[in-house]
Amino acid sequence: MRYIGNKENLLDKIYQAMQSKNIKGNSFFDFFSGTANVGKFFKKLNYQVYSSDLLYFSYVLQQAYIKNNEELYFEKLLNKLSFQSRSLFASPLYKVVEYLNQIEPINGFIAQNYTPSGTQHLEIPRMYFSDENGKIIDAIRQQIENWRIEKIISENEYFVLLACLVETVPFYANIAGVYAAFHKKWDPRAVKKMELRPTEFIINDFDNQCFNENSVNLLGEVEADIFYLDPPYNQRQYAPNYHLLETIAKYDNPVIKGVTGLRANYENQKSKFCNTITALQELETIAKFGKYNTLILSYNNEGIMPQEQIISILQAFGKVDLIEFDYTRFKSNNRGESKHKKMIKEQLYILQR
Ligand SMILES: C[S@@+](CC[C@H](N)C(=O)[O-])C[C@H]1O[C@@H](n2cnc3c(N)ncnc32)[C@H](O)[C@@H]1O
């Protein structure tokens, strides 16, 4: 998934850096989980994984990839649906996804608030999704919820289906990367009919845990050999930038506002890492009260916490190494039209107690 700070392409480098410093361990806390990609990687390496994020859509992904630890068969549901898959060898998840791809569209909260037809009364009608895709999203979201209420899917099955939706929606959103604005013309991707995509199952030997919390509040609860910190690195809060994924995941009919239909209330999802002073204070709290052997902080040379202050805080608790590597980031202009390359230095601060 496209996500600011997604570490998918850096995972091998992070792991190599850990090996070069001889960092060992069996348990791993992905403190700022986002897409859950980091937790997934370490789950595959058979670490006991803990993960958390302030955002609920991230929690949905964590439930599907980190917490769920079994292949799912959707037995109750498939027994009930009188539905013939087009594929002979389809997996149970694939069959359910295929079923969801042919249900009747519904004019629900997403269609009514984020498509041109639903918002034609506004001065600037919202063009986040095509009329057709807005209704498809509503239909799939409501169907998944109804199955949960009727108890014909388990908790794990529920979250895996929601994760399929959260992972699919970005491919059809008419945006430049974040949901803080929509394009005023249709991106060709956004006018294609949405087809739900199945996700993967990751299974390891542990009882992995995930949370939808300010991770700093979990310091008394979670103990792990490695704490991996990948906080926001500038003032931009994540909640408004991903408000639509949050609303699709929660489907809670929120009060919304402004041209872009932002969730009006995200007070409890504001991160202290988006301000230099509070970020440094939080970092110190984590380093001091966390129960870990190794703390790894992912950051970069454009971050709002200055390097000398990070090092000075961490050094009070053990030996600190800084590993840097060049990373090419692609930046779109404001309208998301073109991309230019930018080199930044990705940094790993490694604190060993
Ligand atoms: C740089 S992103 C993490 C990206 C992630 N490593 C990935 O690969 O997708 C930072 C994340 O931290 C979350 N966040 C910010 N402050 C937090 C806090 N105090 N507790 C938990 N999550 C927080 C944001 O919601 C965001 O998802």
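Indexing begins at 1, ligand by ligand and atom by atom, following the structure's order.
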Protein N/O near ligand 1 N/O, under 3.5 Å, which pairs?
unit_1, atom_1, unit_2, atom_2, d
ligand 1, 6 (N), D230, OD2, 2.6
ligand 1, 8 (O), K7, N, 2.8
ligand 1, 9 (O), T35, N, 3.0
ligand 1, 9 (O), T35, OG1, 2.6
ligand 1, 16 (N), S271, OG, 2.7
ligand 1, 19 (N), N214, OD1, 3.0
ligand 1, 20 (N), S215, N, 2.9
ligand 1, 22 (N), L54, N, 3.3
ligand 1, 25 (O), D53, OD1, 2.7
ligand 1, 27 (O), Y3, OH, 2.7
ligand 1, 27 (O), D53, OD1, 3.4
ligand 1, 27 (O), D53, OD2, 2.7

Taking only residues at least two apart or on different chains, which pairs with a member in residues 93-111 satisfy salt bridge (charged side-chain N to carboxylate O under 4.0 Å, His left out)? R86-E98
Just checking, any donor-acceptor pair under 3.5 angstrom between side chains of Y251 and Q142? yes
Mind checking what makes salt bridge (charged side-chain N to carboxylate O under 4.0 Å, His left out) contact with R197, not counting sequence neighbours? none
With no hydrogens and no angle check, is any side-chain donor or acceptor of K43 less than 3.5 Å from a backbone partner on Y65? yes
Inter- and intrachain pairs under salt bridge (charged side-chain N to carboxylate O under 4.0 Å, His left out), touching residues 225-234, at least two apart: K7-D230
Polar side-chain atom of D53 near backbone of S58 as donor-acceptor pair, under 3.5 Å: no
